[in-house]
Amino acid sequence: TARFQPNPDMRARSRYGRYLLVSARLNDPRKNVPLLLDAFARVRKQHPDLHLVLTGDTPEPPLVDQVDALDIADSVFFPGIVSSDDLLLLYQGAELFVLPSSQEGLGIVILEAMACGTPVITTAQGGPEGIVINGVSGRHLPGVDDPNELADAILITLADKTQLDAMRNQCVMFAQEHYASEKIAAQLRAGFESAWSPHLKS
């Protein structure tokens, strides 16, 4: 959280304009990128100025073909693997971070986005549902195969600017209160001390 912090000015200065962000191994089937592309095609009908930025792998032909088939090529960007500094700016400038994984662990990228004040739309498929609180820091969905459900979650979150601004603040507070390095260090220390104390007594 010392590095990943909000910078609201980035949303006005981004070369992508308004955009949703993904940072992942895009060609990994578990990241479920095709579902997001289908959902984004629907979202774009209501937000024609919105873009989708997907950092990570160079997309393989099936993803590129899907973008072309959905007629969203002018709104979808694949910048590839970006530097840590550029990724920070992308987190700070995004409207939302979207990760529709069919299987996920903790989700470090989710925490990084939240620390930057970017609400998250994700799926309840492992770790994310323990981080993303519905209506507070974003939304997590039960399913992983319904693009309409994902599109609805994005549209609902974007629809209320007052709530969206509140979510941005709540994301930062949650990350700082639960995942700042000093918080994690204290939890680890307490865990080690609890595990070691019986040995000390014996």
Side-chain angles (χ1 to χ4, degrees), residues 1 3-41 43-44 47 49-68 70 72-123 125-128 131-132 137-141 144 147 150-151 153-154 157-158 168 171-172 175 179:
T1 54
R3 173 170 172 73
F4 294 95
Q5 297 183 353
N7 181 357
D9 290 342
M10 288 309 303
R11 284 195 293 279
R13 293 161 46 192
S14 168
R15 63 181 176 177
Y16 297 111
R18 295 176 66 237
Y19 64 93
L20 309 177
L21 176 65
V22 184
S23 180
R25 297 184 303 277
L26 303 178
N27 300 309
D28 184 337
R30 294 172 296 180
K31 300 306 176 184
N32 214 11
V33 173
L35 178 77
L36 174 57
L37 294 177
D38 284 341
F40 178 71
V43 170
R44 187 170 173 261
H47 293 269
D49 64 327
L50 193 65
H51 298 106
L52 177 62
V53 179
L54 304 98
T55 72
D57 306 334
T58 299
E60 293 178 349
L63 288 181
V64 176
D65 292 344
Q66 184 182 0
V67 169
D68 291 338
L70 291 168
I72 54 175
D74 59 336
S75 297
V76 177
F77 298 91
F78 292 101
I81 297 174
V82 301
S83 70
S84 58
D85 287 342
D86 286 343
L87 182 57
L88 172 60
L89 297 179
L90 286 170
Y91 282 136
Q92 293 170 333
E95 294 292 313
L96 301 172
F97 185 87
V98 187
L99 190 66
S101 301
S102 58
Q103 178 184 347
E104 192 63 56
L106 173 62
I108 295 296
V109 290
I110 290 175
L111 288 174
E112 291 174 346
M114 288 174 58
C116 291
T118 302
V120 175
I121 308 297
T122 187
T123 48
Q125 299 298 318
I131 302 171
V132 178
S137 53
R139 288 181 168 81
H140 59 258
L141 312 176
V144 295
L150 180 57
I154 294 170
T157 307
L158 292 175
R168 296 192 192 286
C171 281
V172 176
Y179 290 96

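Every heavy atom of this structure was used, including side-chain atoms; hydrogens, water molecules and symmetry mates were not.
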Self-check item: Which atom of L141 lies closest to which atom of A153, heavy atoms considered
Solution: CD2-CB, 3.7 Å

Quiz item: Does the side chain to side chain contact (heavy atoms under 4.5 Å, CB included) test come out yes or no for L52 and L36, once each step is laid out?
Solution: CA-CA 10 Å; L52 177 62; L36 174 57; 4.1 Å; yes

Distance-only donor-acceptor hits, side chain of residues 59-68, under 3.5 Å, sequence neighbours excluded:
{"from": "Q66", "atom 1": "NE2", "to": "P34", "atom 2": "O", "distance (Å)": "2.9"}
{"from": "Q66", "atom 1": "NE2", "to": "D38", "atom 2": "OD1", "distance (Å)": "3.0"}

Practice problem: List the steps, then state whether side chain to side chain contact (heavy atoms under 4.5 Å, CB included) holds for F40 with L50. | Solution: CA-CA 9 Å; F40 178 71; L50 193 65; 4.3 Å; yes

Practice problem: Report the residues that fulfil side-chain hydrogen bond (donor to acceptor under 3.5 Å, both in side chains) with T123, sequence neighbours left out, ordered by chain and then residue number. | Solution: none

Exercise. Kindly give the heavy-atom pair with the smallest separation between S137 and C171, and that separation in Å.
Key: O-SG, 3.4 Å

Exercise. Under the side-chain hydrogen bond (donor to acceptor under 3.5 Å, both in side chains) rule, collect the residues that match up with D9, sequence neighbours excluded.
Key: none

Self-check item: Partner residues of S14 under the side-chain hydrogen bond (donor to acceptor under 3.5 Å, both in side chains) criterion, sequence neighbours left out
Solution: none

Quiz item: What salt bridge (charged side-chain N to carboxylate O under 4.0 Å, His left out) pairs are there with at least one residue in residues 13-24, not counting sequence neighbours?
Solution: R18-D49

Exercise. Look up atom CZ in R3 and atom OG in S84, then write down how far apart they are to the nearest 0.5 Å.
Key: 4.5 Å

Quiz item: Do V76 and L70 come within less than 4.5 Å of each other through their side chains, counting heavy atoms only?
Solution: no

Quiz item: Which heavy-atom pair separates C116 from L88 by the least distance, and what is that distance?
Solution: SG-CD1, 3.7 Å

Quiz prompt | Counterpart residues, salt bridge (Lys or Arg N to Asp or Glu O under 4.0 Å), relative to R44 (two or more places apart) | solution = D74

Self-check item: Pairs touching residues 105-120 that satisfy salt bridge (charged side-chain N to carboxylate O under 4.0 Å, His left out), sequence neighbours left out
Solution: none

Practice problem: For S83, enumerate each residue passing the side-chain contact (heavy atoms from CB on, under 4.5 Å) test, keeping only those at least two apart in sequence or located in another chain. | Solution: D85, D86

Quiz prompt | side-chain hydrogen bond (donor to acceptor under 3.5 Å, both in side chains) against R168, all qualifying residues, sequence neighbours excluded | solution = none

Practice problem: Say whether, by atom type as modelled, one donor and one acceptor occur between the side chain of Y19 and the main chain of L90 under 3.5 angstrom. | Solution: yes

Practice problem: Test M114 against every option in V172, I131, V109, T1 by the side chain to side chain contact (heavy atoms under 4.5 Å, CB included) rule and name the one that passes. | Solution: I131

Practice problem: Not counting sequence neighbours, which residues clear ring-ring contact (aromatic ring centres under 6.0 Å, His included) with H51? List them please. | Solution: F77

Self-check item: Donor-acceptor pair, side chain of N32 and main chain of V144, under 3.5 angstrom
Solution: yes

Self-check item: A39 versus P147, closest heavy-atom pair with distance
Solution: CB-O, 3.4 Å

Quiz prompt | Euclidean distance, L26 CG relative to L37 CG, rounded to 0.5 Å | solution = 9.0 Å

Quiz prompt | L21 CG to Y16 OH distance, which is reported to the nearest 0.5 Å | solution = 9.5 Å

Quiz item: To the nearest 0.5 Å, what is the distance between CG (N27) and CG (D57)?
Solution: 4.5 Å

Without placing hydrogens or testing angles, list every side-chain donor-acceptor pair under 3.5 Å for residues 94-103, not counting sequence neighbours.
{"from": "S101", "atom 1": "OG", "to": "E104", "atom 2": "OE1", "distance (Å)": "2.6"}
{"from": "S102", "atom 1": "OG", "to": "R30", "atom 2": "O", "distance (Å)": "3.3"}

Self-check item: Value rounded to 0.5 Å, distance of CG in L87 from OG in S23
Solution: 4.5 Å

Practice problem: Considering non-hydrogen atoms only, spot the tightest contact between V120 and A113 and give its length. | Solution: CG2-CB, 4.3 Å

Self-check item: V53 side chain reached by T55 side chain, heavy atoms, under 4.5 Å
Solution: yes

Quiz item: Which value, rounded to the nearest 0.5 Å, describes the distance between T122 atom OG1 and H140 atom NE2?
Solution: 9.0 Å

